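Structure first, then comments.
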Amino acid sequence: MTRDNAISRRTAMKLTGAAAATALVAGCSDDDDNGDEPADDDGNGNGDADGIEIEPGTQIMFAGLTQGWEGIEPADIEGEENPTLILEEGEEYEIGWTDGDGSQHNIEIWDDGGEVVDDLQTELVSEADDDQILEFEASSEMAQYVCDPHDTTMVGDLVVE
């Protein structure tokens, strides 16, 4: 029996296994900043891998961009896309968006089942105004901040401790 293909089944399986192993190792890296900066670049143990601690009473502001929430303030989240926010249970915070890309956005706080917590949601608008800011007391049921129409890209985790 002669082979029409120069690559045997065994060789193809070896190559597939090697490619899968390489992809697995590359995917296991938690260094998402490509080595340009250390994961903990703010010097106080609040690296992006675990989240960014937000002081009680802080106003958390984002730019509403269809590709993701871009942090504006506080300074620790500036330029970060969909940062994980660490909040203190029982403390007061404000969260919202002031700049946008012209698409319709809102901001909602969801529990881990995808339900809005305590009616914490704003109306859909194209241009942000003062009504796009939610004032709330952090509770353990809060899991994410989300733009409902863009819930696959504009979503960030909330960790309440």
Side-chain angles (χ1 to χ4, degrees), residues 22-161:
T22 301
L24 177 65
V25 170
C28 288
S29 172
D30 67 352
D31 182 14
D32 60 343
D33 60 24
N34 300 324
D36 295 337
E37 297 177 17
D40 178 14
D41 59 297
D42 61 6
N44 64 10
N46 298 334
D48 294 338
D50 297 324
I52 299 170
E53 291 181 22
I54 306 296
E55 291 294 319
T58 298
Q59 186 176 61
I60 306 159
M61 299 306 293
F62 294 100
L65 308 174
T66 304
Q67 70 267 17
W69 293 112
E70 183 178 310
I72 296 175
E73 61 181 64
D76 288 346
I77 70 166
E78 186 177 352
E80 297 290 328
E81 186 172 297
N82 299 327
T84 296
L85 306 176
I86 302 172
L87 310 177
E88 290 183 39
E89 187 167 10
E91 297 294 338
E92 297 289 328
Y93 296 90
E94 292 182 10
I95 190 169
W97 61 285
T98 58
D99 296 326
D101 57 8
S103 295
Q104 284 209 327
H105 301 297
N106 76 335
I107 191 163
E108 302 180 354
I109 296 183
W110 288 4
D111 63 17
D112 59 6
E115 298 294 322
V116 175
V117 175
D118 296 330
D119 201 32
L120 290 169
Q121 61 186 345
T122 63
E123 296 295 319
L124 283 171
V125 296
S126 297
E127 296 298 324
D129 58 25
D130 292 340
D131 294 334
Q132 296 304 304
I133 299 172
L134 300 171
E135 295 180 27
F136 65 96
E137 181 178 305
S139 69
S140 60
E141 64 185 315
M142 296 176 175
Q144 296 177 313
Y145 57 96
V146 182
C147 172
D148 187 48
H150 308 108
D151 63 352
T152 59
T153 57
M154 294 179 73
V155 56
D157 289 332
L158 294 173
V159 176
V160 180
E161 299 179 333

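In this text, all values refer to a predicted model and were calculated from it rather than measured experimentally.
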Under 3.5 Å, sequence neighbours excluded: what are the donor-acceptor pairs made by side chains of residues 105-119?
| from | atom 1 | to | atom 2 | distance (Å) |
| --- | --- | --- | --- | --- |
| His105 | ND1 | His150 | ND1 | 3.2 |
| His105 | NE2 | Gly64 | O | 3.2 |
| His105 | NE2 | Asp101 | OD1 | 2.8 |
| Asn106 | OD1 | Asp148 | N | 2.9 |
| Asn106 | ND2 | Glu108 | OE2 | 2.9 |
| Asn106 | ND2 | Thr122 | O | 3.2 |
| Glu108 | OE1 | Trp110 | NE1 | 2.7 |
| Asp111 | OD1 | Gly113 | N | 2.9 |
| Asp111 | OD1 | Gly114 | N | 3.1 |
| Asp111 | OD1 | Glu115 | N | 2.9 |
| Asp119 | OD1 | Gln121 | NE2 | 3.1 |

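The 12-atom threshold is not exceeded at CD of Glu55, counting heavy atoms of other residues, nucleotides or ligands nearer than 6.0 Å. Counting heavy atoms of neighbouring residues, nucleotides and ligands inside a 6.0 Å radius, atom CD of Glu94 exceeds 12 of them.
The backbone N or O of Thr153 lies less than 3.5 Å from a partner atom in the side chain of Asn82, making a donor-acceptor pair. With hydrogens and angles disregarded, no donor-acceptor distance shorter than 3.5 Å links the side chain of Trp97 to the backbone of Phe62.
Between Glu135 and Leu120, the shortest heavy-atom contact is O-CD2, 3.9 Å. Contact detail for Asp76 and Glu53: the closest heavy-atom pair is OD2-O, 4.4 Å. In terms of heavy-atom proximity, Val160 sits nearest to Ser140 at CG1-N, 4.1 Å.
Summarising the geometry, atom OG1 belonging to Thr66 is positioned 11.0 Å from atom CD belonging to Gln104; distances are rounded to the nearest 0.5 Å. Distance CD1/Ile54 to CD/Glu73: 10.5 Å, rounded to 0.5 Å. With values rounded to the nearest 0.5 angstrom, Ile95 atom CD1 is found 12.0 Å from Gln132 atom CD. Taking OH of Tyr145 as the reference point, atom CD1 of Ile60 lies at 8.5 Å (rounded to 0.5 Å). To the nearest 0.5 Å, atoms CD (Glu80) and CD1 (Ile52) are separated by 5.0 Å. In this structure, the separation between CG on Asp99 and CE on Met61 is 8.0 Å, given to the nearest 0.5 Å.
Side-chain contact between Met142 and Phe136 is present, with heavy atoms from C-beta onward closer than 4.5 Å. For the pair Gln144/Asp157, a side-chain contact is recorded, criterion being any heavy-atom separation below 4.5 Å from C-beta on. In this structure, Glu137 and Glu92 have side chains that are in contact, with non-hydrogen atoms separated by less than 4.5 Å.
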Practice problem: Determine, step by step, whether Val159 and Asp50 satisfy the side-chain contact (heavy atoms from CB on, under 4.5 Å) criterion, reporting the C-alpha distance in whole Å, the side-chain angles of both residues, the deciding distance to 0.1 Å, and the verdict. | Solution: CA-CA 9 Å; Val159 176; Asp50 297 324; over 6 Å; no

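Residues satisfying the side chain to side chain contact (heavy atoms under 4.5 Å, CB included) test with Glu88, not counting sequence neighbours, are Pro56, Glu91, Tyr93.
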